Amino acid sequence: MTNQKCFEEAKKYITGGVNSPVRSFKAVGGEPFFVTRGEGATLRDVEGNDYIDYVCSWGAMILGHRHPAIISAVKKALKNGTSFGTPTPLETRLAQMIAAAFPSMARMRFVSSGTEAVMSAVRVARAYTGRTKILKFDGAYHGHADYLLSQAGSGLATLGVPASHGVPENYARDTITIPFNDIKALEHAIQTHRKELACVIVEPYPANIGLLIPATGFLQKLRALTAQEKIILIFDEVISGFRLEYGGAQTLLHIQPDLTCLGKIIGGGFPAAAYGGRQKLMELVAPLGPVYQAGTLSGHPIAMIAGIATLKALQVPGFYKKIAARAEKLVSGLREEADHFSIPLTVNQAGSLFSPFFTRGPVNDAAAARRSDTAEYARLFNLLRRHGVYAPPSQFEAWFVSSAHTARDIEKTVSAVRAAFKEMS
Ligand SMILES: *Cc1c(COP(=O)(O)O)cnc(C)c1O
């Protein structure tokens, strides 16, 4: 069995051979590998090649693959069945843990994907304010709901698509997009549209155009302006929640958004996401209120079990310090090797999350990220792959370090980077 053969077969039945566009490796050239197994920080493909994995299922696998606590919790739960379509105590248990970590989420709902969480949060914001427009930031990705696809990050940035076809113009008209970290543009947009804006949605550490770092005071200003105009502030913490810190970016920055979206990590490798906020907002949702939102597999018991086991593992003292230190080592290695080979490289890092951009930088917004030399990134990706390292298959996706990455994995990766840069320079 070869990767090529798997891809050919897949393309006969699945559009593009993949179930999410970035997986096609279209942005970096070559063809995807097909995975048979993950163990710790390593993925193995159908040809028996091993890769140190910095994609970690797009951030979901913060504990690495096949974490013993998750596997045993899931095995135990499977004995009782898989899905019931009725409430289980597990949902309450995970909700309790999330509310303790995110005090802004006094009430919440579980859904099956980040896309759904964001769609639902926006619906609540619109119902609460009676307004329609949404303000978002250039390069942010908030899932694939129609009105959030303009100037979006992730796969759209990867494939150079400014907006998706199939989105009616009047949907796009309700979405205003401004550059991240630009206080003037923010003040102007809010001043101009304050009577029409239902919400501002932001990834506090945008991680779908590569990683951007919020400038000092920017998100505080955003919180102050939205509060003043009674515009709902939605923090999309689908990546940053339980990643940057146990309580997400809002804990790190001491900012209380009105609504928060979580996903990825909280399902422990299964489909689960959540949105939530204070009681008054969330009581607008059915059955208590007039905002409809539902889901056949919402609060899926196996995903809840995996989420609970994951959060427990994240509570170990020093967890976040340790993975941040691992990432720091790798980031230092990238910077040193780039310097050594005179390759212009800017690396943005926040905890276990980072992005190397092939540009002198600084990279503080999407426009700067797009100035990165994506052909150089593609070369790095392919050379690393040859050396057994799986980097994100796009300049515009962040790298994730998990607690399963060992000091030895990091050393091996830095050696692979050295070999790659040597060939590139
Ligand atoms: C991944 C992601 C989403 C969408 O989540 P899905 O589960 O892929 O639908 C939304 N927002 C952000 C910030 C994300 O990174």
Side-chain angles (χ1 to χ4, degrees), residues 18-24 54-62 102 109-123 125 134 136-158 164 175 177 180 199-214 219 233-244 248-250 252 257 259-276 293 295 297-300 303 306-307 310 348 350-355 366 369 392-394 396-400:
V18 291
N19 286 303
S20 203
V22 183
R23 296 182 197 173
S24 68
Y54 291 99
V55 177
C56 292
S57 199
W58 310 99
M61 308 311 289
I62 192 170
F102 289 75
R109 264 288 170 75
F110 288 111
V111 289
S112 301
S113 69
T115 295
E116 269 183 275
V118 169
M119 274 171 48
S120 312
V122 168
R123 191 176 298 145
I134 301 164
K136 71 180 277 286
F137 295 93
D138 184 15
Y141 181 68
H142 300 294
H144 61 87
D146 279 345
Y147 43 83
L148 289 166
L149 283 179
S150 61
Q151 289 176 270
S154 191
L156 289 101
T158 298
S164 173
T175 305
T177 307
F180 189 70
C199 59
V200 177
I201 182 161
V202 62
E203 290 180 73
Y205 282 74
N208 284 291
I209 188 79
L211 178 69
L212 304 178
I213 310 295
L219 294 169
L233 177 60
I234 305 176
F235 266 22
D236 180 350
E237 297 225 42
V238 169
I239 283 183
S240 58
F242 294 104
R243 163 63 61 180
L244 296 181
Q250 53 194 269
L252 209 63
L259 290 168
T260 298
C261 299
L262 298 173
K264 298 193 167 111
I265 289 174
I266 66 164
F270 290 84
Y275 70 101
Q293 178 267 307
L297 295 178
S298 290
H300 192 275
T310 299
N348 287 349
S352 58
L353 199 58
F354 68 90
S355 285
S394 161
F396 303 115
E397 304 285 350
W399 297 47
F400 295 94

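Counting starts at 1 for both ligands and their atoms, following the listed order. Everything numeric here is computed off the predicted structure, so don't read it as measured data.
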note = Contacts for ligand 1, heavy atom under 4.0 Å, by chain and number, are Ser113, Gly114, Thr115, Tyr141, His142, Gly143, Glu203, Asn208, Asp236, Val238, Ile239, Lys264

key: Results of side-chain contact (heavy atoms from CB on, under 4.5 Å) for Ala366 - residues two or more places apart only   = Asp138, Ile209, Arg370

query = How would you list all residue pairs meeting side-chain hydrogen bond (donor to acceptor under 3.5 Å, both in side chains) that involve residues 109-118, not counting sequence neighbours?
reply = Arg109-Gln293

task = Could you tell me whether the side chain of Glu237 and the main chain of Pro204 form a donor-acceptor pair under 3.5 Å?
result = no

inquiry  = Tell me if a side-chain donor or acceptor on Arg243 pairs with a main-chain N or O of Gly59 at a distance below 3.5 Å.
reply    = yes

ask   = Within the distance-only criterion (no hydrogens, no angle test), does the side chain of Gln250 pair as donor or acceptor with the backbone N or O of Phe235 below 3.5 angstrom?
value = no

request  = Under the side-chain contact (heavy atoms from CB on, under 4.5 Å) rule, collect the residues that match up with Ala272, sequence neighbours excluded.
outcome  = Ala303, Met304

